[in-house]
K.L.:
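To start, I am sharing the structure in question, which I have written as structure tokens.
Each ligand, and each atom within it, is numbered from 1 in the order the structure gives. Counting from 1, the numbers follow the sequence of the chain as shown. As a basis for the values below, the full set of heavy atoms in this structure was taken, side chains included, without hydrogen atoms, waters or symmetry mates.
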Amino acid sequence: MSGEARWSAVDRYVDETFAIEDEALRAAIDAGKAAGLPEIQVSPAGGRFLHVLALAVGARRILEIGTLFGYSGIHLARALTADGKLVTLELDPRHADVARRSFAHAGVADRVELRVGPASESLAALAGEGAAPFDMVFIDADKPGYPDYLTGSLRLARKGTLIVADNVVRGGAVADAASADENVRGVRRFNAMLAAEPRLRAGVLQTVGVKGYDGFALAVVVR
Ligand code: SAH
Ligand code: DHB
Ligand code: MG
């Protein structure tokens, strides 16, 4: 069995063993497919990872940047108590429409606020409204935007806020300082900001699975 086939087999094993993907999550994927949306959601194991992190920090307010059809959002929203809130930001109104239906079908629509538009504008609007700080942030939109999203997220954070970012390894390309790929350059700038920001203690965890070889950045606001 090749590396990729084995990684996928283990992801399927984890999904089955921990009964991660239920009817509502599968329906969200089906709705995304039916609408022709890209299938770039986190894996079942990745979704469970986010869910467990949200529970571990006792998150009552979660900010997600990059909704797609709501798959990671359902995992995150399910970690909230009924009075909790997931604010999720999505550029594409077609994606947002599918996500809204998926949140309703999963029974979490009451805890989800979906804001449509460029995430940089939504982040600025949230700061302008004096939004209460978030306990956890998940960054997963366009990769060149990650540095801006980190700046915007820090404005909406407090000491103790957990910041997680998807796709910061990109098949190992992140280690190439000379890369011309704007996605690689975006995540390299983002990682450098995480490392240099005195308010943060951060690192990167590599992952393999059904989506190949990638990784999550994890950061905590320490002051
Ligand atoms: N978090 C999702 C996957 C997100 S895919 C999951 O795991 O289920 C990335 C999403 O970011 C796409 O839906 C894309 O439309 C959105 N996006 C891209 N550029 C954006 C921007 N400037 N502002 C907000 N969302 C953006
Ligand atoms: C891709 C994967 C992601 O997780 C993402 O957020 C964006 C793009 C991809 O595989 O292209
Ligand atoms: Mg992603």
K.L.:
If you measure only the distance, is there a donor-acceptor pair under 3.5 Å linking the side chains of Tyr149 and Asp142?
P.N.:
yes
K.L.:
Do Gly70 and ligand 1 have an N or O pair less than 3.5 Å apart?
P.N.:
no
K.L.:
Around atom CZ of Arg189, are there more than 12 heavy atoms from other residues, nucleotides or ligands closer than 6.0 Å?
P.N.:
no
K.L.:
With a cut-off of 6.0 Å (strictly less than), are more than 12 heavy atoms of other residues, nucleotides or ligands near CZ of Arg185?
P.N.:
no
K.L.:
Which of the listed options, Gly117, Ser72, Ser122, holds the heavy atom that is closest to atom 8 (O) of ligand 1?
P.N.:
Ser72
K.L.:
Within the 4.0 Å heavy-atom shell around Lys211, which atoms of ligand 2 are there?
P.N.:
2 (C), 3 (C), 4 (O)
K.L.:
Ignoring hydrogens, just give me the one of Thr88, Asp140, Leu68, Asp148 whose non-hydrogen atom is nearest atom 9 (C) of ligand 1.
P.N.:
Asp140
K.L.:
Could you check atom 25 (N) of ligand 1 against the protein and tell me its nearest heavy-atom contact, residue, atom and distance included?
P.N.:
Leu91 N, 3.1 Å
K.L.:
Any N/O/S atom of Asn167 sitting less than 2.8 Å from the Mg ion (ligand 3), backbone or side chain?
P.N.:
yes
K.L.:
Ignoring angles and geometry beyond distance, decide whether Val42 reaches within less than 3.5 Å of ligand 1 through its nitrogen or oxygen atoms.
P.N.:
yes
K.L.:
Considering only the protein, which heavy-atom contact is closest to atom 23 (N) of ligand 1, and what is its distance?
P.N.:
Ala119 N, 2.8 Å
K.L.:
For ligand 1, is there an N or O atom under 3.5 Å from any N or O atom of Asp92?
P.N.:
no
K.L.:
Counting only nitrogen or oxygen atoms and a 3.5 angstrom limit, does Ala141 reach ligand 2?
P.N.:
no
K.L.:
Under 4.0 Å, heavy atoms only, figure out whether ligand 1 is touched by the backbone of Thr67, its side chain, both or neither.
P.N.:
backbone
K.L.:
Take every heavy atom of Lys143, measure it against each atom of ligand 2, and state whether any distance is under 4.0 Å.
P.N.:
yes
K.L.:
Taking the minimum heavy-atom distance to atom 4 (C) of ligand 1, which of Gly66, Pro144, Pro118 ranks first?
P.N.:
Gly66
K.L.:
Strictly by modelled atom types, are Glu21 and Tyr71 linked by a side-chain donor-acceptor pair under 3.5 Å?
P.N.:
yes
K.L.:
Under a 4.0 Å heavy-atom limit, does Gln41 contact ligand 1 with its side chain, its backbone, both, or neither?
P.N.:
both
K.L.:
Purely on distance, is any nitrogen or oxygen of Glu90 under 3.5 Å from one on ligand 1?
P.N.:
yes
K.L.:
What atoms of ligand 2 come closer than 4.0 angstrom to any heavy atom of Asp166?
P.N.:
4 (O)
K.L.:
Going by the side chain to side chain contact (heavy atoms under 4.5 Å, CB included) test, name the single residue among Thr67, Val87, Leu86, Ile62 that passes it with Val112.
P.N.:
Leu86
K.L.:
Closer than 4.0 Å to some heavy atom of Asn167 - which atoms of ligand 2 meet that?
P.N.:
2 (C), 3 (C), 4 (O), 5 (C), 6 (O)
K.L.:
Could you verify whether a donor N or O on one side chain and an acceptor N or O on the other, from Thr81 and Asp83, lie under 3.5 Å apart?
P.N.:
yes
K.L.:
Angle at the Mg ion (ligand 3) between OD1 of Asp140 and OD2 of Asp166, to 10°?
P.N.:
100°
K.L.:
Heavy atoms only: which of Leu76, Ile139, Asp142 is nearest to atom 20 (C) of ligand 1?
P.N.:
Asp142
